[in-house]
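First comes the structure, then the notes that go with it.
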Amino acid sequence: MAQINLLQAVNSALDTAMDTDDRVICLGEDIGKFGGVFRATSDLQDKYGKARCFNTPITEQGIVGFSIGLAAQGSVAVAEIQFADYIFPAFDQIVNEAAKFRYRSGDQFNCGGLTIRAPYGGGISGGLYHSQSPEAHFCHTPGLKVVIPSTAYQAKGLLLAAIRDPDPVIFFEPKAIYRAEVGEVPETDYVLPLGVAEVVTQGSDITLVGWGAQMHQLHRASNMAAKDGISCEVIDLRTLLPWDVDTVAQSVGKTGRLIISHEAPRTGGFAGEVSATIQERCFLSLEAPIMRITGMDTPFPLVFEKEYMPDYLKVYEAIKASVNF
Amino acid sequence: MAQINLLQAVNSALDTAMDTDDRVICLGEDIGKFGGVFRATSDLQDKYGKARCFNTPITEQGIVGFSIGLAAQGSVAVAEIQFADYIFPAFDQIVNEAAKFRYRSGDQFNCGGLTIRAPYGGGISGGLYHSQSPEAHFCHTPGLKVVIPSTAYQAKGLLLAAIRDPDPVIFFEPKAIYRAEVGEVPETDYVLPLGVAEVVTQGSDITLVGWGAQMHQLHRASNMAAKDGISCEVIDLRTLLPWDVDTVAQSVGKTGRLIISHEAPRTGGFAGEVSATIQERCFLSLEAPIMRITGMDTPFPLVFEKEYMPDYLKVYEAIKASVNF
Amino acid sequence: MAKFDRTIGTLRFTEATDLSIPTLSILDSEGKLRKDAQAPAIDKETALKIYRDMTYIRVLDERMLAAQRQGRLSFYLTCTGEEAAVVGSIAGFADRDMVMAQYREQAALRYRGFTSEQFMNQMLSNDLDLGKGRQMPVHYGSRELNYMTISSTLATQIPQAAGYAYGQKLSGNDACTVCYFGDGAASEGDFHAGLNMAAVLNCPVVFVVRNNGYAISTPISEQFAGDGIAPRGVGYGIKTIRVDGNDILAVYAASVAARKLAIDGSAPVMIETMSYRLGAHSTSDDPTSYRNAEEEQLWAEKDPISRMRKWLLGKGWWSDQQEHQLKDNYKKEILDALKSQEKRPTPSLNDLISDVYQTPPQHLQQQYAELQQHIDKYPDHYLANPAKANGTYLSASVQLP
Amino acid sequence: MAKFDRTIGTLRFTEATDLSIPTLSILDSEGKLRKDAQAPAIDKETALKIYRDMTYIRVLDERMLAAQRQGRLSFYLTCTGEEAAVVGSIAGFADRDMVMAQYREQAALRYRGFTSEQFMNQMLSNDLDLGKGRQMPVHYGSRELNYMTISSTLATQIPQAAGYAYGQKLSGNDACTVCYFGDGAASEGDFHAGLNMAAVLNCPVVFVVRNNGYAISTPISEQFAGDGIAPRGVGYGIKTIRVDGNDILAVYAASVAARKLAIDGSAPVMIETMSYRLGAHSTSDDPTSYRNAEEEQLWAEKDPISRMRKWLLGKGWWSDQQEHQLKDNYKKEILDALKSQEKRPTPSLNDLISDVYQTPPQHLQQQYAELQQHIDKYPDHYLANPAKANGTYLSASVQLP
Ligand SMILES: Cc1ncc(C[n+]2csc(CCOP(=O)(O)OP(=O)(O)O)c2C)c(N)n1
Ligand SMILES: Cc1ncc(C[n+]2csc(CCOP(=O)(O)OP(=O)(O)O)c2C)c(N)n1
Ligand SMILES: [Mg+2]
Ligand SMILES: [Mg+2]
């Protein structure tokens, strides 16, 4: 096993997917010879040819529409959207088409072979249009699956699972930790299950739930809290739709406290869904209000990015507030 | 004051807006001579001319983009999207552009003159693409306001407020009750405040929160519950973004119980946001879990529309469950 | 690819009139071959199949309009006036070619073999509907007949068709995709995305643009300012032809040629069929408020079916007697099918949640269990023959879709 | 409007080559007037202003590239190679015309009078940035100069420009909108929406398409298959011209004529400037992996600034001495501005939440109050000169935007 970073793990997953299945096709803006602006598709065109790994014109609605058609025909389409901020022109194709394709046809047709990859999130001084976390928009769309890895190991296993999953999957990659996040990743083929959360740290006093780059803030906050004698159970959701309610509910049943954290703005963010559901399931176990530590209800800022972000200090303060409630 | 229906109230608001301000322009698919497929813009082209009320080509992204430009220039653009189901091609223009226009320019430019009207919701045997309630997608977008009337009186007062509001507003109209909902509506000019909920029925045992066509299900359920001796406080949110947390929190502080209901699918729906927020604000007052009575997590169905819908019977059962918790 | 190497020293703007795209016309209004025309090779069997299917759809459309008025179905939408544009084009393709249509192309589905019962099952949302009762009437689809299920959202099928065709090319199965859409749909961003991608990625797809003068109430003069849709194809580097959409031979000839170009050349082709929507947009529409009777009359006189009949009669391939019998048979077949299929039950309640995903996830199963419990409490309130309810539910002025 | 009345009896597909759009060229590569060319009327003052602003931007671009490498700003993106396309076009418009640009048109902003300090304020996100430190470098905007704030999302400004121009027409203020975008952006659905709406709704907007051969790494051969972007304009019924984008006189002549057509005729006009992106896409890019040095060299020899200089020298309007002095002055001006403006403080923390709405709603005020409390607990951790932090934060292989 080699030590590689999250970006290399994505590349390895794509390589494995293309190698093990001729029907896998990668497409997107600048992903061909250039290997993508982040280099996630490096070498794939050389290895598998221009027919299976190619540049598209700059049209996100076209990329997704085209990929739906490919998938409906029997190919396995892995489309890259250059930044998650640019996924919105494809919103109709994703929400009205991909998500409803199987249902509306009575299962005569499906586009389950579709996976849409997009780097998401802040922390790179990207301002309004290179920083957004749009996951909640897609989590309100039955028919889609939404997956976000937080480590290199997860990235490869979850991306392979997403590509091979029989339903369309949106796969958001935490670009801020593309290189910083390094770990042991098998060179061999493996998948991690979709729809299953990972309890990363066991604990007894409070449950912390997050996904993607935000996991690192949770770990850091959890370590700080440990020094205060507070034991945090840290859960990485990994799949947001459908999400693993049981694992979170079981944990909160034990700890009685819950903090959910994400970078996206608070109002309408996915933390609200987790909070509402867990409140329904664990009402009698709750010893303090479920808290949300999130981005603020503004567009993503530039100079005040650090202040906007739901960092470990904000999580740490919330842990203390919850425990002292 | 005349008895008119909700659709006529919308028409009256548009008429008043165009009459009182030359800068108001109505545009959209089939809204000109034809007066729109629902007739919301009837007679406006005759009255105000083709320059101020006109058909556009069929391109929702174009309609919204064009309207943003109009508003930035100083016009007051009232764009119709023929069905809320068809707002998604305009998602990027709404979420990345309209919502962020003022912020990104440091308030040098704004498109506050923009209002987007769209008929939404089920109950008309419209199936997947003539029934959706996409409000939650927009409520996760700082910079927008989201408004939904439930009566003819509200429709006129809120639409006039939306058109004159200094921020871009998405105005969803409950098409299932366009004609059924009739009430006294002043012919004169008036506005209702945005961001303020209406306590429609005072009650003491449980709070019911909803908006749009769903209010009628809540009223009916509330009447049924009254016969069982349960006193419901019914709140019409009217504006979803920004929503009136204080009014709901105050009510729940009193009743200790809350049900939120909407037609859109449960997961990621706006009820989650209301639940999470009220749980934070009213934790110690809650006597039962906050419940959500919503559409199911499927695309909008056709033959099983009735089963899918969060109707008064489902709300009534939830009221009993909450009170007996 | 463009070379951009022709320079000029004087300032001149290029205008729409600099590219004049003529309309291919083979049969004149009397059903006679134009003198200068080259008629396509077409055998009697194909010609008669085309004619029968055009006629079938005319009869189906008339019957279903009436049935909708009687409240037997919630919604309907005719192909009337455009039968030659649709049947003439589909006849140029092979059965293995995928069809991705808009919603007004039931005639193509019939050409592929869709039965009267199958039409009824979909429109009545009964238990045999291939779409499991989930979509409004006329949203057909058939995997068996390579006819992609219709989506109400305009133009979304255009980039999808490009992708589907790309997949066909990679599979090497000597097939292409034929993608239909209207003059109105051609204004959507997806049109641009799909045509440009098809061209630059060499996808074997034939785009058939049905220019029928209107998009609901909006005349083409308010839809675009150029010379129709055809010049756009040229702009994308797509081989493009405009045809008289009421001339069955012109449409057929163009389609046969287009398919060959698409498959042999691995490239998209565009056909613009010039025709007219003789009926209302749908049963929710009344065109009298936005267009005049003279215009309608003018086009009614160009009726593509009677024009083809004259040609067939001229060739001695058809007789008035056959005509009467054919129509009577179709009327009976269609009415019988309506009567029998409307007695069928609705799909199973489980189809409310199946197919959202390949396997229903836990939360959906739970919601379903809760629903069943709830229905058990109010058995009379739910599951009450919703197919019937459809017939009365829609308000007459609601435009669907 | 189209009449569609020309018919033809023989089957023939129309192809891209049926519409050949030439390139307007006035100055040859030596800066001499072509024999067959009609030079536009241009006075010395305008010519020198154009030349100076082109030169200024070349100097600014060089300086800021270096500053970015030194970590003094996070990101930069040059106009190099396209100065004539941008300055030549903006010079054809009036100051009251609105500019809606993509991101590579800083030269147009300079032409309108943006100062070195103003450029720096934006790039350094300091307290005087008109955009209040909210956007990445090069996302300029100035209400005073009628220059709409740049958005990173490609092509969104195109339908907006149509709407803006429609508003100008209604206001009757004898102004138009000039809308810039690249060959890559022209593939977005918004392009189609904007151009078609502008044409059919008669909007006085001039679309300037900068065809510079690449969209990041993607060459135009993988962006479209037709003859560039110009024929699309013709398809929409828009008067269209293609010009040598490195020929200042051709660009200027076309722009002056385009503005007149747009305003007098209440109609859109399209100009395609054929040029080349001589530099990298941005400071996050390295073009060596996707194009070769020969190609770059070929285009470097066509440098629009030196071509214009030759013309000016030929006319006796410019001298080598003036040249040196001008460049030295600009270098100093720019470096001084960088030094002084980078010392300025950041905007006020309140600008994190202002302007989301005209008035911050209650929930946002509350979030802000909580943030302030939190910062008070960790005063050293936050508000630590973020402008400086920007310089080191970005990974070199992140493409922004
Ligand atoms: C994205 C989207 N926008 C709007 C509509 C509503 N709509 C349904 S049909 C139609 C007109 C389409 O006209 P055209 O493409 O010319 O087809 P025709 O009906 O003439 O065959 C409209 C606007 C829709 N279905 N989808
Ligand atoms: C909607 C959207 N998709 C993708 C991007 C990423 N992106 C930024 S610039 C660019 C290339 C644009 O090329 P072109 O329009 O030719 O302009 P040029 O850089 O050549 O001036 C891309 C793909 C974006 N900013 N917005
Ligand atoms: Mg039409
Ligand atoms: Mg370019």
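A note on names: the letters A, B, ... follow the listed sequences, proteins ahead of strands, and every chain is numbered from 1. Keep in mind the model is a prediction, meaning the values are calculated, not measured.
- Around CD of B:Q250, the count of heavy atoms belonging to other residues, nucleotides or ligands within 6.0 Å does not exceed 12.
- Looking only at heavy-atom pairs under 4.5 Å with chain A, the residue among B:G268, B:G269, B:C139 that has the most is B:G268.
- In this structure, A:F91 and B:F91 have parallel ring planes: the angle between them is below the 30° cut-off, well short of the 60° mark.
- The side-chain heavy atoms of A:I94 and B:F88, taken from C-beta on, include no pair separated by under 4.5 Å.
- Looking at A:A288, only its backbone comes within 4.5 Å of chain B, counting heavy atoms on both sides.
- When heavy atoms are compared at a cutoff of 4.5 Å, A:Q93 does not approach chain B at all.
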Pair A:R266-B:T277, side chain to side chain contact (heavy atoms under 4.5 Å, CB included): steps then yes or no: CA-CA 10 Å; A:R266 166 120 14 124; B:T277 303; over 6 Å; no
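- Counting heavy-atom pairs under 4.5 Å between each of B:P242, B:P265, B:S275 and chain A puts B:P265 at the top.
- Remark: side-chain polar atoms of A:Y103 are not paired, donor with acceptor, to backbone N or O of B:L128 under 3.5 angstrom.
- With a 4.5 Å cut-off on non-hydrogen atoms, A:F138 does not touch chain B at all.
- Of the N and O atoms on the side chains of B:Q61 and A:D92, not one donor lies less than 3.5 Å from an acceptor on the other residue.
- Of the two parts of A:L284, only the side chain, counted from C-beta on, holds a non-hydrogen atom closer than 4.5 Å to a non-hydrogen atom of chain B.
- Of the possible polar contacts, none joining the B:Q279 side chain to the A:Q279 backbone as a donor-acceptor pair under 3.5 Å is found.
- Counting heavy-atom pairs under 4.5 Å between each of A:V95, A:N96, A:T298 and chain B puts A:N96 at the top.
- Residues B:E273 and A:T267 have side chains in contact (heavy-atom distance under 4.5 Å, counting atoms from C-beta outward).
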Under the criterion salt bridge (charged side-chain N to carboxylate O under 4.0 Å, His left out), I'd like the reasoning laid out for B:R292 against A:E280: C-alpha separation, chi angles, the key distance, then a yes or no. CA-CA 9 Å; B:R292 295 180 285 170; A:E280 288 155 19; 2.8 Å; yes
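- Within the 4.5 angstrom heavy-atom criterion, only backbone atoms of A:E287 (N, CA, C, O) approach chain B.
- Aromatic ring pairs are classed by plane angle as parallel below 30°, tilted from 30° to 60° and perpendicular above 60°; the pair A:H137 and B:H137 is parallel.
- A:R104 is not listed as a side-chain neighbour of B:P299, based on a closest heavy-atom distance of 4.5 Å or more.
- Counting heavy-atom pairs closer than 4.5 Å to chain A, the top residue among B:A271, B:P142, B:G272 is B:P142.
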